[in-house]
Structures are given as structure tokens and as C-alpha cells.
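Have a look at the structure below, then the notes.
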There are 2 protein chains.
Amino acid sequence: MSSLAEPITCCAPLDQAVLSAEEAEATAELFKALGDPARVRIVNCLATAGEPVCICDLNGPLGLAQPTVSHHMKKLVDAGLVEREQRGKWAYFSLKRDAVATLAAVADLKGVCC
Amino acid sequence: MSSLAEPITCCAPLDQAVLSAEEAEATAELFKALGDPARVRIVNCLATAGEPVCICDLNGPLGLAQPTVSHHMKKLVDAGLVEREQRGKWAYFSLKRDAVATLAAVADLKGVCC
DNA sequence: GACACGTATCGACGTTCGTCGATATATTGA
DNA sequence: TCAATATATCGACGAACGTCGATACGTGTC
């Protein structure tokens, strides 16, 4: 209810000394955003597209009603994983790659990579 | 319902060409496992401990009833993120680091690191 | 074998979530 | 200004989830 806008900045690596209740909640919120098949596919579409995608191009392939897709987009935006851009009467969405990278870093124990 | 035992092996990077419905569901299932503050803190404990942890040491700090903790452990085991080991009448749990690493890799677009 | 103790399962409850039809809002074009 | 179209919001419904008390199962101890 408080800072859904950017939980990205307040979550910490899973192997950090001790997670505060707030950090745990923020981290969970982030993972929960990708805890639905529809949202996973949406993020997948945005990731492969590489450029902003019109929401109207997502309604069909997902097999979901228009309000449902809109609902999922709002969740992703609230989680800070996706950015919304208005172009005329169309809504374009793009992936916030640094946010997804943060998510990956959270799950990455000990930074084994590199 | 089908292969909850190891969704790890059947999920794919978010920027893969096109995610099948099964892959999307498996990926979502994996993220959902970390979509609860209690489970985030459990995984955090296991990650920092570095060695198997007795579930009896988790009941207190989490502030949850014993059946609830047991319930969360089962979810983590089902997701393939955690391993259970019986030592006498105690149950020890340890993090499956490769599984968590897979999770991180899924979220890691394009393998920018390295 | 009987008991104590740690853990898992069961059943129930309230809350949250995903979904959709109906409707409201906003932007474009005539 | 008015109609058409794209998107968001609202309200409702069923399903899934987190939580806990009561209870069953296993293991070690006497």
C-alpha cells in the first residue's frame, strides 16, 4: 500500500546478512509480479521485441479479455518492471531492463557470475 | 498438477524467442515460490547459513506457527528450490544453489553479465 | 511397550488473486 | 460537436493462498 511505485530500490540479495521484514516484503512483491503465466508471457514478449509494444498487439496472442490484459499491465507497472507510454490513443509498454536485471541480481547468490 | 517436482528444468530465459504455455506456467510457478515474504526470509536464512538448517530454528524468528512453516517448506521443496534431509527426528533443509542460479538466469536478459 | 517430542497433514477461515462483462474516460477524425 | 475506437476502471464471481488449531505420524528414550 505504501511504496509500490519502486520496490526495486529496496530489495536485497537473498544471501544478504539478514533481511528486514520490509525488504522481504518488497522482494516477495517483485517475485509475485512474475508469479502468473500471463505476466511471464507479457514480459517475454516485451523482452523479445526490444522496443515498446502496443497493448493492442498483446490482447490476441494471450487469449485474454482486454480488461484482464490491462489489469496485468498495471501490476507490472506497479512492480516497476515495465514502463507505460501514451502514443495518441494507443498505450505502449516497454521493459525496464535495469529493473529485471535487479531482479536477476537478487536471485543471484554470491555473484558467482564474473 | 503435472510436474511440480522439477519445474526448474523446463523454464526458459525471459528473452527466449517465444515461451510456450507450459514454459510460462513453469516459470511463473518458480517465481510464485518466492512470492511470499515468509518464503523469501526462509530462503534468505538458508542462503546465509551455507549449511543445512533445522526447521526448528526457523519457527521462532519467523513468528509463524509450526504448521505454517512446514507448509512453506513444502512449497519450496515442491518448487525444487530447497532440499529436505531427515536427521533423527529433526528435519534439515538446505538451499539448492543451482536451482536458485537457474532462477537468476531466467530473469537475466541476454546474459549481459560476462 | 509406553512415553515425549519434532514434524507433517487435515480442516476451516478470511483474504487475495485472476478473470470477465459492463461502463467510464480519453483521443482521433469527420 | 459528434461518432468511433483504444484503454482503464468498476463490480462480481470462483479459485487459490496464507494462516492456525487439532491431530496424526515417526523417531528416540526410558
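Throughout, a chain's letter reflects where its sequence line sits, starting with A, and its residues are numbered from 1.
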How would you label the contact of Tyr92(B) with the nucleic acid (heavy atoms, under 4.0 Å): base, sugar-phosphate, or nothing?
nothing
Length of the line joining Asn59(A):CG and dT7(D):P, which is rounded to integer Å
7 Å
If you only use heavy atoms from C-beta on, which nucleotide in dT19(D), dT7(D), dC20(C) is closest to the side chain of Cys54(A)?
dT7(D)
Which nucleotide wins on minimum distance to the side chain of Lys32(B), given the candidates dC17(D), dC20(D), dC17(C)?
dC17(D)
Between Glu25(A) and Thr27(A), is there a donor-acceptor pair closer than 3.5 Å when you use the side chain of the first and the backbone of the second?
no
Phosphate OP1/OP2 of dG18(C): any Thr68(A) side-chain N/O under 4.0 Å
no
Report yes or no: do Met73(B) and Trp90(B) belong to one cluster of Ile/Leu/Val/Met/Phe/Trp/Tyr joined by side chain heavy-atom distances under 4.5 Å?
no
May I ask you to evaluate whether Lys74(A) reaches the phosphate of dT7(D), defined as a side-chain N or O under 4.0 Å from OP1 or OP2?
no
Between dT16(C) (C1') and Asp36(A) (CG): distance, integer Å
13 Å
Looking only at side-chain atoms of Cys56(A), point me to the closest of dT7(C), dT7(D), dC20(C).
dT7(D)
Whole-Å distance, Ile55(B) CD1 to dG6(C) C1', equals 9 Å
Over how many whole Å does the gap from Leu58(B) atom CG to dT7(C) atom P extend?
10 Å
Whether the side chain of Arg39(B) engages the backbone of Ala33(B) through a donor-acceptor N/O pair (distance < 3.5 Å, no angle test) should be reported.
yes
Side chain of Ala91(A) only, heavy atoms from C-beta on: which candidate in dG21(D), dT7(D), dG21(C) is closest?
dT7(D)
Between dT9(D), dT28(C), dT7(D), which nucleotide has the shortest distance from any of its atoms to the side chain of Arg84(A)?
dT7(D)
Toward the 5' end of DNA chain C, by each residue's nearest nucleotide, Lys75(A) or Gln86(A)
Lys75(A)
Residue-phosphate contact under 4.0 Å: Arg87(A) side-chain N/O, dA6(D) OP1/OP2
no
What integer distance in Å separates Asp57(B):CG from dG6(C):P?
11 Å
With respect to the phosphate group of dT19(D), does any side-chain polar atom (N or O) of His72(B) fall under 4.0 Å of OP1 or OP2?
yes
Rounded to the nearest angstrom, tell me the gap between atom CZ in Arg41(A) and atom P in dG18(C).
14 Å
Heavy-atom donor-acceptor pair, Gln66(A) side-chain to dA8(D) base, under 3.5 Å:
yes
Distance, rounded to the nearest Å, where His71(A) contributes NE2 and dC10(D) contributes P:
13 Å
Choosing from dG18(D), dA22(D), dA6(D), which nucleotide comes nearest the side chain of Arg39(B)?
dG18(D)
Measure the shortest side-chain to side-chain distance between Val82(B) and Leu95(B) over non-hydrogen atoms and say whether it is less than 4.5 angstrom.
yes
For Lys89(B) and dG6(C), give me the distance from atom NZ to atom C1', rounded to whole Å.
6 Å
Flag, side chain of Ser70(A) to backbone of Gln66(A), donor-acceptor distance under 3.5 Å:
no
With nearest nucleotides of DNA chain C determined for Trp90(B) and Gly88(A) from heavy-atom distances, which residue corresponds to the more 5′ nucleotide?
Trp90(B)
Considering only heavy side-chain atoms of Ser70(A), the closest of dA8(D), dG6(C), dA8(C) is dA8(D)
Do Arg97(B) side-chain atoms and Ala47(B) backbone N/O form a donor-acceptor pair below 3.5 Å?
yes
